Amino acid sequence: MTIQLNHTIVAARDSKASAQFLADILGLEVGPQYGPFSPVEIPNGVTLDYLESDGGPITPQHYAFLVSEDEFDAIFGRIKDAGLTYWADPHHKIVNEINTNDGGRGAYWDDPNGHALEILTRPYGSGS
């Protein structure tokens with residue numbers, strides 16, 4: 001058996017709303033509540049399990065999603081339709097632009113908890 005990432009836990013102030021935010025932007029569904037988790041399954045089988053925080057500070061994490069060109073267009077359209085600020089870089093310096101790293105396209109935006117989300121059409125280092 002090969003090793004595969006199965007799931008990760010994502011801290012959130014409101015787990016249901018945060019899971020719905022990601023699902024809406026990516027064009028996915030929130031799965032049925034599983035214990036304290038609001039799960040969003042990514043098509044490759046990895047699940048992001050949103051868990052409500054205890055009220056303390058949330059340490060922002062980074063979640064990157066490799067998508068096709070068509071998926072990029074659809075997701076990026078939903079980002080713009082939602083009026084979200086997006087960046088071409090992870091440091092939030094190049095605002096309302098996308099990048100063309102490795103001959104693909106990429107964009108970053110934040111979720112309501114401060115987690116950095118990214119879509120990219122080419123894996124890092126895959127360009128010429």
Side-chain angles (χ1 to χ4, degrees):
M1 176 179 181
T2 60
I3 298 171
Q4 298 178 6
L5 179 64
N6 177 263
H7 69 276
T8 191
I9 296 172
V10 182
R13 289 179 197 84
D14 181 331
S15 60
K16 290 178 183 172
S18 295
Q20 193 64 60
F21 173 84
L22 179 69
D24 288 347
I25 295 294
L26 295 182
L28 301 172
E29 299 289 327
V30 176
Q33 188 80 20
Y34 183 74
F37 303 108
S38 296
V40 178
E41 186 174 344
I42 307 304
N44 68 348
V46 175
T47 303
L48 281 75
D49 290 326
Y50 281 83
L51 177 65
E52 210 135 314
S53 71
D54 60 5
I58 293 175
T59 302
Q61 302 296 316
H62 176 80
Y63 300 95
F65 304 95
L66 183 63
V67 300
S68 70
E69 291 289 340
D70 288 342
E71 289 166 327
F72 185 95
D73 291 337
I75 294 166
F76 188 60
R78 289 190 286 271
I79 290 168
K80 291 194 301 186
D81 289 347
L84 299 173
T85 301
Y86 57 92
W87 297 270
D89 66 304
H91 306 292
H92 296 158
K93 294 185 183 204
I94 306 170
V95 67
N96 292 332
E97 292 185 34
I98 66 169
N99 67 62
T100 55
N101 298 341
D102 293 297
R105 294 183 291 163
Y108 299 81
W109 74 102
D110 290 341
D111 88 343
N113 303 287
H115 297 302
L117 304 175
E118 175 186 7
I119 51 173
L120 65 161
T121 61
R122 297 280 305 266
Y124 291 126
S126 66
S128 53

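A quick note: this is a predicted structure, and the numbers were derived from the prediction, not measured.
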Indicate the atoms forming the closest heavy-atom contact of Tyr50 with Ala12, along with that distance.
CD2-CB, 4.0 Å
Nearest 0.5 angstrom please: Ile25 CD1 to Ile75 CD1, how far?
9.0 Å
May I ask you to decide if Asn113's main-chain N or O and Asp111's side chain share a donor-acceptor pair within less than 3.5 Å?
yes
Are any side-chain N or O atoms of Asp102 and backbone N or O atoms of Gly125, one a donor and one an acceptor, separated by less than 3.5 Å?
yes
Of Ile98, Leu66, Leu120, which meets side-chain contact (heavy atoms from CB on, under 4.5 Å) against Phe72?
Ile98
Give me the atom names and distance for the closest heavy-atom approach of Leu26 to Ile119.
CD2-CG2, 4.3 Å
Residue that, paired with Thr8, satisfies side-chain contact (heavy atoms from CB on, under 4.5 Å) out of Thr47, Leu48, Asp49
Leu48
Sole residue of Val95, Asn99, Ile94 in side-chain contact (heavy atoms from CB on, under 4.5 Å) with Glu97
Ile94
For His92, check ring-ring contact (aromatic ring centres under 6.0 Å, His included) against everything at least two apart and list the hits.
Trp87
Beyond-backbone contact of Asn44 with Gln4, side-chain heavy atoms, under 4.5 angstrom
no
Looking at Arg13 and Pro112, would you say the former's side chain and the latter's main chain have a donor-acceptor pair under 3.5 Å?
yes
Test of understanding: clusters of I, L, V, M, F, W, Y form through side-chain heavy atoms closer than 4.5 Å, transitively. Do Tyr108 and Leu117 belong to the same one?
no
What's the shortest heavy-atom distance between Ala23 and Glu29, and which atoms?
CB-C, 4.0 Å
Counting only heavy atoms not in His62, do more than 12 sit closer than 6.0 Å to its NE2 atom?
yes
Taking atom OG of Ser38 and atom CD of Glu52, what is their separation to the nearest 0.5 Å?
7.5 Å
Would Ile58 and Tyr63 show up in the same hydrophobic cluster when neighbours are defined by side-chain heavy atoms closer than 4.5 Å?
no
Atom OH of residue position Tyr34 - does it have more than 12 heavy atoms of other residues, nucleotides or ligands inside 6.0 Å?
no
Cluster overlap Ile42 with Phe76, hydrophobic side-chain contacts below 4.5 Å:
yes
Test your reading of the model: is there a side-chain donor-acceptor pair from Thr121 to the backbone of Arg105, 3.5 Å cut-off?
yes
Check Asp110 against Ala116 and note the closest heavy-atom contact, atom names and distance.
OD1-CA, 3.7 Å
Do Tyr86 and Asn96 have side chains that approach each other closer than 4.5 Å (heavy atoms only, starting at C-beta)?
yes
Taking all atoms of both residues into account, what is the closest heavy-atom pair of Ser15 and Pro36, and its distance?
OG-O, 4.5 Å
Taking the side chain as everything from C-beta on, heavy atoms only, tell me whether Leu22 gets closer than 4.5 Å to Phe65.
yes
Phe21 and Leu84 have their tightest heavy-atom pair at CZ-CD1, 3.8 Å
